[in-house]
Asks: 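Sharing a structure here in structure tokens format.
Quick caveat: nothing in here was measured; it's all calculated off a predicted structure. Values below: all heavy atoms of this structure, side chains included; hydrogens, waters and symmetry mates excluded. Labels below follow one simple rule: chain letters A, B, ... track the order of the sequence lines, proteins then strands, and each chain is numbered from 1.
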Amino acid sequence: MPHELPKAYDPGAIEEKWAQYWVEQKLFHLETPASAADVFTLLLPPPNVTGRLHMGHMLNQTEMDIIIRWHRMRGHKTLWVPGTDHAGIATQMMVERRLESEGKKRAEMGREAFVERVWEWRRHYGGAILGQMKRLGASVDWQREYFTMDDNLSRAVREAFVRLHEAGKIYRGAYIVNWCPRCVTAISDLEVVHEEVQGKLYEVHYPLAMASSSRAQADASQSAGSLGPSTASQGAGSPAPNATPSQGAGLPAPNATPSQGAGLPAPNAAPFKFEGALAPGTFITVATTRPETILGDVAIAVNPNDERYKSWIGKTVLVPLMGREVPIIADDWAKPEFGTGAVKVTPAHDPNDFAIGQRHDLPQLNIMDEHARLNENAVAYQGLDRYVARKRVLADLESQGLLGQVKDHLINVGKCDRCKTVVEPRLSTQWFLQVQGEIAQRAIDAVEQGHIRITPENYKTIYLNWMRGIYDWCISRQLWWGHRIPAWHCAACKEVNVAREAPAKCRKCGNADLAQDTDVLDTWFSSALLPFTCFGWPEKTKDLEVFYPTSLLITGFDILFFWVARMIMMGTWFMGGESSAGVSPAVAAGVPPAAPTPALSAPIDLSNAVPFKEVYIHALVRDKERQKMSKTKGNVLDPIEITERYGTDAVRFTLASMAAPGTDIAFNEERTEGYRAFANKIWNAARFIFMNVERARQAGVLELINSQLTIQDLAKDGRLEDVWIYSRLNSTALQINAALNEFRFDEAATRVYDFFWKDFCDWYLEAIKLRLEFEDQKPVNREAAASALFFMIYVFDNTLRLLAPFMPFIAEELWNALHKGSPFFKPISLSMFPTGDFKDIDLEIEEEMRVLQNLVADIRNLRVYLGAPPKQPLEIEIWVLDEWEQVIRNNESIIEKLANVQSINYIYEAEQLGPNTRQRPEFQVRVVYEKQIDVAAERERLTKELKKLETELANAQRNLANESFLTKAPASVVEGIRKREAELKVLIEKSRAALSELPA
RNA sequence: AGGCCCGUAGCUCAGUUGGUUAGAGCGCUUCCUUGACACGGAAGAGGUCGAUGGUUCGAGUCCAUUCGGGCCUACCA
């Protein structure tokens, strides 16, 4: 059992070894059990395959690992599934950058070669983050590692897509979507980050057309047909824009008739020049923040109730710089109080305008290409970048006298989450998942009905609010890296064939000329399916049966909507029985959502459909100034680097001890330093223990403790310190289990820390040193030495196990040092976690120990106060309450040892103690040491103490004199105050006496 | 615009359903290299709990208002 340990704790020397050992021994692998009983499953939020571990990961993984190790040690069949995410945009961007450095371009390579290149990259460098996880000791089941682009997972994604399509939940159509001109793809609402910037609000004058007001809608809509291609899906390789959004009947297909009409100037002509004069009443003024979109205007809208403009409705105006004649229409969207009350309508470039356009049958004039450069529809401005065009448009407006007031205006610009390019609302044909209605409703029900518990609870509201206002999800991306949409377009009849595998011919016309849709799915689409696809869905596997629903999800707030919400939607959909009537597609982006309709079918039992039973949302790791860590700020901490300096255990412990639910973590290395010191403390306590075990062995004491006695037997009539530490151990274990049950990682960590350092090291080990004194290799008292050894080892062993989830490396190292070689040895990760037992908590003993601790502290205080040499044993005099005398007498040796006391004299008249005492309700003590003390300082101290006591007494007495306090407060509180009152009286009396005895 | 969170010792944070004396770590002051540990030990100093008002026998804790800091959501041109 005993081992020689190096003098100082060196994490680097032990951690790598155990990290490797755990993986090699497959310690965390779980064979599929026969039943779901006692199974605990956790899914790792898959990091990007391109990712590097950051502090957020480390916090996330530390928490998961603590929970997982805790469950495993409690005997549950514990499974933690790791994997990586293919991360469409991020990975594609990264490989593109590499290609660039080789002078190659994606477009030149072609799709197939490019995708092959990405795979090659992933084979060589992908998943480095998992290697980092291994080093940090994450106890995942490496035998079950997945990648979201694996064959089986890809098959599952296709299956899910097809089934959703068959259920009428997936539709395709031309809508305004968020478009990143740099990534050249559509992105979802969630991938847009909003930023308030100072912009301008420009007023622009639109001259009334010369034609009379009798020219109305008919003409306007006629000209609509002449506006040229409207909904051009010019995204990289998008399919021909032939589909129509399946809105209600009666709407004209917005993207029909791409004919180039007459009456439009030839491309690259000079902008239309307005020659007339702007007399009052001959023009209407609108306000805009994006003047370049004027080029795509197809109407002006005013509020029907706006008196100023009532007579204008139905007239037409000329679009500046274009000369196009467009109608003035009445629409509620125009708010009289904003700007001039008149709003320009650009259906192809703004979600609201798109909606207006649909209400009024307006054409959709797209003036930009996929890079947000102006296209041929912008005529004179063709080829210009949107911001260049903006400047040019403004200059031209100004020169023609059409630019009115320009005001500062705060605008909320949407930027691409990935590359921070300003998003351009773009009309394009995309695939949507209809989550509004049934799918969202199930996800709402699952949480509302309590099948999923969310901690901290306020995230439940956030989740529900979001889910209730959800828009349909744009799931197509114009990328090459990802799951390609399983739809094939027929060259002949344009039919879209959605199928699991490539069909041989068009199901409608039989033509064999089919081309697969070029879009891929949003990466989150596949992630949303993971809780069941990673267990083999759509096959009815044993894994799926026993591991689904997973038990818990631990993740950060940032992906609550991206991932958590979508897993709940997909889980409750697919695992709750997908059955659904085909509901007509609802609204896409930019159109106000309808309230989710209740499920059509009978209520579904969602209890086992949910992807997880419980969600714990953790906080953000910030730097020590509470700033968000970001590469641009340069305040990013590399967890691996910090780990190398302080040890993984110390970093883990830092994160755990700061992880109070709901509070962001301001990571401070000074804390980590402190926890490395804690590890060092544990290390040295182990050295002390091993040293004594070795001595005991040599003295022949060790065999005494191998008896049949249990710890409970020994504790029953053991010495005070033994029973005390055993009691403390039990309450600590209970508290830690309770804390972990509520994700109170901070609480749990603090409890181990305090118990180990303060109770076990500072008091228990110090107290038993006098029982572990060996003279000439012979213990002074064999029985006392044996029981001390027994308790010491027992408590240390248990503490290591309590510590193991938090600091697995040092725990494993010392555990092995303690036990390896014993017949029933197993790694600490597979040992049993102490649960604690209420009946082994002895509050009376804890109270006795508290009094002894107070006495020792008071003596030490007096010693320092009197300036006594630390090493000189001194005599003390003590007055003690009768009922406490025996306790003190029984433990004199401890007092002598811990306070360096030579002898204890009992005084039965407190007055005889004289000055320079310390008093507690149970005792008053004096240290016999003659030295002039600082009378003034002592008087100040006593006065201060007295005042404090008197204030407290006054408060207590006021309460006790208060009738309503006595009647309304709980009896225990009243009794507590009564007791305290009595104590205070004694203390005050003694303090006064001490004060009066001070020399003048 | 709506919603949420935070404000407690010099610093970073605990304080669970309102209940006796508001805690910890780091930092600071003084002392101690005693055979586990100076990544240590001992003793100490330091807070009218952002402000105001209210509910209550009793408020750091509940309510309102307010100031300061942060976050999320949102289609106002």
Asks: Check the phosphate of B/rA36 against A/K681, side-chain N and O only, distance under 4.0 Å to OP1 or OP2. Yes or no?
Replies: no
Asks: Does A/E292 have any side-chain hydrogen bond (donor to acceptor under 3.5 Å, both in side chains) partners at least two apart in sequence or in another chain, and if so, which?
Replies: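 By the side-chain hydrogen bond (donor to acceptor under 3.5 Å, both in side chains) rule, A/E292 matches A/R390.
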Asks: Show the distances under 3.5 angstrom between N or O atoms of the protein and N or O atoms of nucleotides 3-8 of chain B.
Replies:
none

Asks: Restricting to side-chain hydrogen bond (donor to acceptor under 3.5 Å, both in side chains), what partner residues turn up for A/Y646, sequence neighbours left out?
Replies: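 Listed in chain order: A/E669.
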Asks: Under the salt bridge (charged side-chain N to carboxylate O under 4.0 Å, His left out) test, which residues partner A/E195, sequence neighbours left out?
Replies: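 Salt bridge (charged side-chain N to carboxylate O under 4.0 Å, His left out) list for A/E195, sorted by chain: A/K415.
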Asks: Output all residues satisfying side-chain hydrogen bond (donor to acceptor under 3.5 Å, both in side chains) with A/K7, sequence neighbours left out; order by chain, then residue number.
Replies: none
Asks: Fill in the dot-bracket string of RNA chain B, one character per base: . for unpaired, | for a pair to another strand, ( ) or [ ] for pairs within the strand, taking Watson-Crick or G-U pairs under 3.5 Å.
Replies: (((((((..((((.....[...)))).(((((.......))))).....(((((..]....))))))))))))....
Asks: Under the ring-ring contact (aromatic ring centres under 6.0 Å, His included) test, which residues partner A/Y459, sequence neighbours left out?
Replies: A/F557
Asks: Does A/E203 make a side-chain donor-acceptor contact with the base of B/rA77, cut-off 3.5 Å?
Replies: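 No pair found.
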Asks: Could you give the distance separating B/rU8 and B/rA24 at their C1' atoms, to the nearest angstrom?
Replies: 13 Å
Asks: Please confirm whether the shortest side-chain N or O distance from A/K769 to OP1 or OP2 of B/rA36 is below 4.0 Å.
Replies: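 Result: yes.
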Asks: For A/F806, give me all partners under ring-ring contact (aromatic ring centres under 6.0 Å, His included), at least two apart in sequence or on another chain.
Replies: none
Asks: Tell me whether the centres of the aromatic rings in A/Y753 and A/Y675 are closer together than 6.0 Å.
Replies: yes
Asks: Would you indicate what A/A334 reaches in the nucleic acid, counting non-hydrogen atoms under 4.0 angstrom: base, sugar-phosphate, or nothing?
Replies: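 Result for A/A334 = base.
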Asks: What nucleotide among B/rC72, B/rC76, B/rC37 has an atom nearest to a side-chain atom of A/F338?
Replies: B/rC76
Asks: For nucleotides 22-28 of chain B, read 5' to 3', which letter fits each nucleotide if B means a protein heavy atom sits under 4.0 Å from the base, S means only the sugar-phosphate is that close, and - means neither?
Replies: --SSS--
Asks: Restricting to side-chain hydrogen bond (donor to acceptor under 3.5 Å, both in side chains), what partner residues turn up for A/E847, sequence neighbours left out?
Replies: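 A/R850.
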Asks: With sequence neighbours left out, write down each residue that passes salt bridge (charged side-chain N to carboxylate O under 4.0 Å, His left out) with A/E747, or none if nothing qualifies.
Replies: A/R751
Asks: Of the listed nucleotides (B/rC37, B/rG35, B/rA14), which one gets closest to any side-chain atom of A/R744?
Replies: B/rA14
Asks: Work out how far the P atom of B/rU34 is from that of B/rU29, and round it to whole angstrom.
Replies: 23 Å
Asks: Which nucleotide, B/rU21, B/rG41, B/rA77, lies nearest any side-chain atom of A/N955?
Replies: B/rU21
Asks: Taking the C1' atom of each, how far is B/rG60 from B/rG50, in whole Å?
Replies: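 The answer is 12 Å between these two C1' atoms.
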Asks: In chain order, what residues pass the salt bridge (charged side-chain N to carboxylate O under 4.0 Å, His left out) check against A/E424, with sequence neighbours excluded?
Replies: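 Scan of A/E424 (salt bridge (charged side-chain N to carboxylate O under 4.0 Å, His left out), adjacent residues dropped) gives A/R290, A/R386.
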